[in-house]
There are 2 protein chains.
Amino acid sequence: MQDDAPFTRSYAQVCGVATALDVIGDRWSILIVRDLMLGPLRFGDLAAGLPSIGTNTLTARLKLLETTGVVARRAAPLPDRGTVYELTPYGRELEPIVMALGRWGSRSMDRLPANAVWHSRWLVAAMLAFHDESHAVAKPTTWALWLSDGPFSVVAEATQVSISAGAPAKADAVVSARDEVLHRMLIGQLEPGAALSDGDVTSDGNPAALVDLLALFAFPPVDSAIDTASAP
Amino acid sequence: MQDDAPFTRSYAQVCGVATALDVIGDRWSILIVRDLMLGPLRFGDLAAGLPSIGTNTLTARLKLLETTGVVARRAAPLPDRGTVYELTPYGRELEPIVMALGRWGSRSMDRLPANAVWHSRWLVAAMLAFHDESHAVAKPTTWALWLSDGPFSVVAEATQVSISAGAPAKADAVVSARDEVLHRMLIGQLEPGAALSDGDVTSDGNPAALVDLLALFAFPPVDSAIDTASAP
DNA sequence: CGGTATCCGCAAAGATACTG
DNA sequence: CAGTATCTTTGCGGATACCG
């Protein structure tokens, strides 16, 4: 161990926070972790989800995250043939931190530039972050959720919820929605009943499944922007 | 609001995590927050605690953190005259996140370069991060803790612990130690009794106060480095 | 002393073309 | 599709000079 100096531009501070930033503080690194939270991804899929990263930078980040034990390269499961990147156990320990960071940062989203890009994958990650821990489902339930990025599987049991990319092997319900419609329902701007009758959402012919799905999540009220004492 | 585009090089992603990084993802920003967690600081003190930051960069970071509502400039309390920077309520909401990040990163500290710098301030921040929530003190207690960076006050009541820079108005005990000695006691490498008799620590003439102080914290075992499947 | 502005050298990031 | 090589641009570190 201690091959060499893994950190190219280390803060060189004997401090856990500074060391954490040596590992995941470079530009893009935390977003790579975010995208891997929903499951393994190939190099190209990572690049596609991180507009303007530049493949050389992505390579450098993955290399550092690999040598620091956050991410692992693995042969892709059979049909695919190829390589995927996934979080190691150490990397998965970042999940609660990244989700807390996302909840915190969501209150500054009113400052985003107008040209900001949308991925349904990120909405799904936000669902995980805003999962309502005080809500318990009556019986274990699996949803297939189809959005613009493709299918996701949502599994709930008691007060636990897990979400991952890809369709579940067997779903109790299949929900399909335009991203923006799902988002508006999650933040309480749109009634599921209205969306269903408008045809913006389909719920497997079973409207209750959509309501049950939405009940798992507690997105904050929309007015939550930060007020900065307005300057001169 | 929405003065302009506050983020010079925004990720421009509609995602809470990406937005959080737009705010505090620049180099040094999180370390500024870390240093402000223990109390307000002046520009010079911040610069001194962040070796090699460069004053222009520090100015730029503070400016962004101020416009985003994370940090506030305030006139220093009376004796001093001048300006101090402190966390806003929004900025303080980062504290649990930064501490969790520090706990996570502390397990990669074996990768730090050999020339890494030590500040007792960071050890104190680690104490806060590794505070043992399952430990309750019998009665409310205040310690004055003297380290190389100066005095800190540690206040414990029931299972709550708060730490800030500066001496407390009234302390139940005054503990004084060389940084490294305190660290070794916290990670269990050095018995407080032995340190006291060696004179490496003084405890106000009351040895029990030191033991009580150490009992507040649960630093992880030292072997906690991450194993990366050793390559080639 | 606290803070800002400016210049320079360098290293990292963005963009894209190219190769196994 | 996965990644490397190359070129340009931008941000950072360091020094220094300048205002309050």
Side-chain angles (χ1 to χ4, degrees), chain A residues 5-13 18 21-32 35-36 40-67 71-77 79-86 113 115 117 231-232, chain B residues 5-13 18 21-22 24-32 35 40-67 71-77 79-86 113 115 117:
Chain A
F7 310 135
T8 49
R9 195 160 47 151
S10 173
Y11 288 108
Q13 298 184 357
L21 294 174
D22 281 340
V23 175
I24 53 160
D26 287 320
R27 193 164 164 81
W28 296 110
S29 292
I30 292 181
L31 297 184
I32 292 172
D35 282 354
L36 292 179
L41 285 176
R42 319 229 306 239
F43 185 94
D45 296 323
L46 271 168
L50 301 170
S52 85
I53 190 183
T55 55
N56 50 359
T57 303
L58 180 54
T59 299
R61 292 299 173 274
L62 288 171
K63 206 161 285 178
L64 179 62
L65 292 174
E66 196 186 347
T67 67
V71 158
R73 289 176 55 125
R74 189 168 53 81
D80 254 22
R81 174 76 128 280
T83 310
V84 293
Y85 294 88
E86 65 184 354
N115 59 4
V117 166
Chain B
F7 310 135
T8 49
R9 190 156 54 153
S10 173
Y11 288 108
Q13 299 183 356
L21 293 175
D22 281 341
I24 53 162
D26 287 320
R27 192 165 166 80
W28 297 110
S29 292
I30 292 181
L31 297 184
I32 292 172
D35 283 354
L41 286 176
R42 316 220 306 234
F43 185 93
D45 296 324
L46 271 168
L50 300 170
S52 85
I53 190 180
T55 56
N56 50 0
T57 303
L58 180 54
T59 299
R61 292 300 173 276
L62 287 170
K63 203 162 284 176
L64 179 63
L65 292 174
E66 196 186 347
T67 67
V71 158
R73 289 175 57 125
R74 188 169 53 82
D80 253 23
R81 172 80 125 277
T83 312
V84 292
Y85 294 86
E86 65 184 355
N115 60 2
V117 166

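Model, not experiment: these values are computed from the prediction. Excluded from the calculations below are hydrogen atoms, water molecules and symmetry mates; all remaining heavy atoms, backbone and side chain alike, are included.
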Q: CZ of A/R73 versus C1' of D/dC1: gap in Å, rounded?
A: 13 Å
Q: In whole angstrom, give the distance that lies between atom CG of B/L41 and atom C1' of C/dG2.
A: 14 Å
Q: Which sits closer to the 5' end of DNA chain D, A/L62 or B/T8, going by the nucleotide each is nearest to?
A: A/L62
Q: Hey, could you give me the CD1/CG distance between B/I30 and B/L65, rounded to the nearest 0.5 Å?
A: 10.0 Å
Q: D/dA15 P sits how many Å from B/L58 CG, rounded?
A: 16 Å
Q: Given that B/K63 and B/R42 both sit by DNA chain C, which one's nearest nucleotide is further toward the 5' end?
A: B/R42
Q: Rounding to an integer number of Å, can you tell me how far B/I32 CD1 sits from D/dC12 P?
A: 11 Å
Q: Checking A/Q13 against A/D22 for the side-chain contact (heavy atoms from CB on, under 4.5 Å) test, could you report, in this order, the C-alpha distance in whole Å, the side-chain angles of both residues, the deciding distance, and whether it holds?
A: CA-CA 10 Å; A/Q13 298 184 357; A/D22 281 340; over 6 Å; no
Q: Spell out protein contact along nucleotides 13-20 of chain C as letters: B when the base is contacted, S when just the sugar-phosphate is, - when no protein heavy atom is under 4.0 Å; keep the 5' to 3' order.
A: SBBB----
Q: Classify the nucleic acid contact of A/G44 as base, sugar-phosphate or nothing, counting any heavy atom under 4.0 Å across all strands shown.
A: sugar-phosphate
Q: List the atom of B/G49, the atom of B/D35, and the distance in Å for their closest heavy-atom pair.
A: O-OD2, 4.0 Å
Q: Between the main-chain N or O of B/R27 and the side-chain N or O of A/Y11, is there a donor-acceptor pair closer than 3.5 Å?
A: no
Q: Requiring both pairing distances under 3.5 angstrom, list the stems that contain DNA chain D and are made of three or more consecutive Watson-Crick or G-U pairs.
A: C:2-20 with D:1-19
Q: Please answer whether the main-chain N or O of A/G25 pairs with a side-chain N or O of A/S29 as donor and acceptor at a distance below 3.5 Å.
A: no
Q: Does the Lys NZ or Arg CZ of A/R73 fall within the cation-pi geometry relative to A/F43 - under 6.0 Å from the ring centre and within 45° of the axis?
A: no
Q: Can you give me the closest heavy-atom contact between B/D26 and B/L64, atom names plus distance?
A: OD2-CD2, 3.7 Å
Q: A/Y11 or A/T59: which one's nearest nucleotide on DNA chain D is closer to the 5' end?
A: A/T59
Q: Side chain to side chain contact (heavy atoms under 4.5 Å, CB included) with A/W28: which of A/L58, A/L46, A/T57, A/L62?
A: A/T57
Q: Could you give the distance from CG (B/L31) to CD1 (B/I24), rounded to the nearest 0.5 Å?
A: 11.0 Å
Q: Provide, to the nearest angstrom, the distance between the OH atom belonging to A/Y85 and the P atom belonging to D/dC1.
A: 15 Å
Q: What is the distance, rounded to the nearest whole Å, between atom CG of A/L46 and atom P of D/dC1?
A: 14 Å
